[in-house]
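Atom set for the values below is all heavy atoms of this structure, side chains included, hydrogens, waters and symmetry mates excluded.
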Amino acid sequence: MRNHADEPEPPGGTPAPDSPDTPDTPDDPPATPDATRLRATCRWLRRHARHAMVVGVVTAVVGALATVAADQLPKLFEDPPPPCPGAGCDGKSPKNDGCAADAVTWEPTEGNVARIQLRYSKRCGAVWGRIVNGEPGDMVAISVTDGSSRSASIATYHDNYTRMATVNDTFRVRFCAEPGSTPGHTGTWVKYCFEATEHAEWN
């Protein structure tokens, strides 16, 4: 009879029985609360990344359009630039060339029977004369020192204005009223003149 006690031990020795005090070791450690929150945050970001990008692009476009509108909108209400600034306005009509829009006026209050006026557009760099209380044949004339001279007479009714004469930032202008000599003229006044500079009391 074979004695099992005499049989040789298998290579490596006899395996030790499992110890009841040794816990099973899982493949992955249990998730901590912080790790769970991190994974949830990552999933939320992935789901909303495209939406956030669209919102960002729209916000940028709206901001750019608002900036352009803020810059351009006031210009819609500005007077258009004159087509003839400076020397280009000389001899042209202040009304037809847009220079009357911003013009200021100096009208002497004493000794001004025919009510002649000097008109000045700084934007156009030009002056012109106007008569508003005359008769057919009455004339208004202007002469810019070292510059042009213009005149106009009333054809019908009581008023008329001259063509423009170019001026610099500083200027001196002589403007005169001369009565007409047509039959039926009732005025008894004689020619008179005034002078004005850029410092006149413009209104």
Side-chain angles (χ1 to χ4, degrees), residues 64-203:
L65 291 176
T67 301
V68 172
D71 180 61
Q72 297 297 325
L73 187 60
K75 297 180 180 179
L76 297 178
F77 299 94
E78 295 178 357
D79 291 329
C84 65
C89 291
D90 199 65
K92 293 188 176 181
S93 167
K95 180 179 179 181
N96 295 343
D97 286 273
C99 296
D102 72 323
V104 292
T105 303
W106 183 57
E107 179 182 334
T109 58
E110 300 293 334
N112 192 6
V113 181
R115 286 192 58 195
I116 57 172
Q117 302 170 341
L118 184 67
R119 301 270 284 163
Y120 169 47
S121 169
K122 185 175 183 179
R123 189 166 58 104
C124 290
V127 295
W128 60 96
R130 182 168 68 177
I131 182 170
V132 298
N133 189 34
E135 299 177 59
D138 290 347
M139 184 176 67
V140 58
I142 63 170
S143 178
V144 178
T145 301
D146 299 324
S148 301
S149 297
R150 302 281 179 238
S151 64
S153 60
I154 299 174
T156 58
Y157 301 109
H158 303 284
D159 55 13
N160 200 2
Y161 56 88
T162 71
R163 297 277 176 166
M164 291 186 285
T166 298
V167 293
N168 297 317
D169 291 338
T170 59
F171 59 85
R172 181 175 296 276
V173 182
R174 180 178 174 86
F175 62 112
C176 303
E178 185 172 344
S181 57
T182 57
H185 190 279
T186 61
T188 58
W189 50 277
V190 296
K191 179 180 177 178
Y192 61 90
C193 299
F194 300 99
E195 285 193 349
T197 70
E198 73 278 4
H199 299 300
E201 296 181 359
W202 303 100
N203 294 310

message: Donor-acceptor check, side chain of E135 to backbone of G180, threshold 3.5 angstrom: yes or no?
response: no
message: Minimum heavy-atom separation for S121 and D102, please, with both atom names.
response: OG-OD1, 3.0 Å
For the student: nearest non-hydrogen atoms of L118 and A196, plus distance: CD2-CB, 3.7 Å
- prompt: Looking only at heavy atoms, what is the nearest atom pair of G91 and R163, with distance?
  reply: O-CD, 3.2 Å
Residues in ring pair (Phe, Tyr, Trp, His ring centres under 6.0 Å) contact with F194, at least two apart in sequence or another chain: F175, Y192
field: Pair listing, disulfide (SG to SG under 2.5 Å) test, anchored in residues 134-203, at least two apart
entry: C176-C193
query: With distance as the sole test, does T166 use its side chain to make a donor-acceptor pair with the main-chain N or O of G86 at under 3.5 Å?
result: yes
message: What I'd like to find out is whether the side chain of Y161 reaches to under 4.5 Å of the side chain of S93, using heavy atoms alone.
response: yes
field: Worked check of side chain to side chain donor-acceptor pair (under 3.5 Å) between T105 and R119
entry: CA-CA 5 Å; T105 303; R119 301 270 284 163; 2.6 Å; yes
- request: Output yes when D90 and R150 qualify as a salt bridge under the 4.0 Å nitrogen-oxygen rule, no when they do not.
  value: yes
message: Measuring from atom CH2 of W202 to atom CD of E107, what distance do you get when rounded to the nearest 0.5 angstrom?
response: 12.0 Å
- line: Closest non-hydrogen contact found for M139 with S151 is SD-CB, 4.1 Å
task: Work out which heavy atom in P136 is nearest to a heavy atom in T182; give both atom names and the distance.
output: O-OG1, 3.4 Å
Closest contact, heavy atoms only, W128 versus A103: CH2-CB, 3.6 Å
query: How many angstroms lie between CG in D159 and CG in N133, if you round to the nearest 0.5 Å?
result: 9.5 Å
- prompt: In Å, rounded to the nearest 0.5 Å, how long is the span from CG of D138 to CZ of R115?
  reply: 14.0 Å
- prompt: Crowded around E201 CD? As in, over 12 foreign heavy atoms under 6.0 Å?
  reply: no
query: Is any side-chain heavy atom of W106 less than 4.5 Å from a side-chain heavy atom of V127?
result: no
task: Check the surroundings of atom CG in D146: do more than 12 heavy atoms from other residues, nucleotides or ligands lie under 6.0 Å from it?
output: no
Interatomic spacing from CG in N160 to CD1 in I131 - rounded to 0.5 Å: 8.5 Å
message: Please report the interatomic distance CE(M164) to OH(Y120), rounded to the nearest 0.5 Å.
response: 13.0 Å
message: I'd like to know if the side chain of T145 and the backbone of R172 have a donor-acceptor N/O pair within less than 3.5 Å.
response: yes
- prompt: Has H158 got more than 12 heavy atoms of other residues, nucleotides or ligands less than 6.0 Å from its NE2?
  reply: no
query: Can any side-chain N or O of E195 pair as donor or acceptor with the backbone N or O of R174 at less than 3.5 Å?
result: no
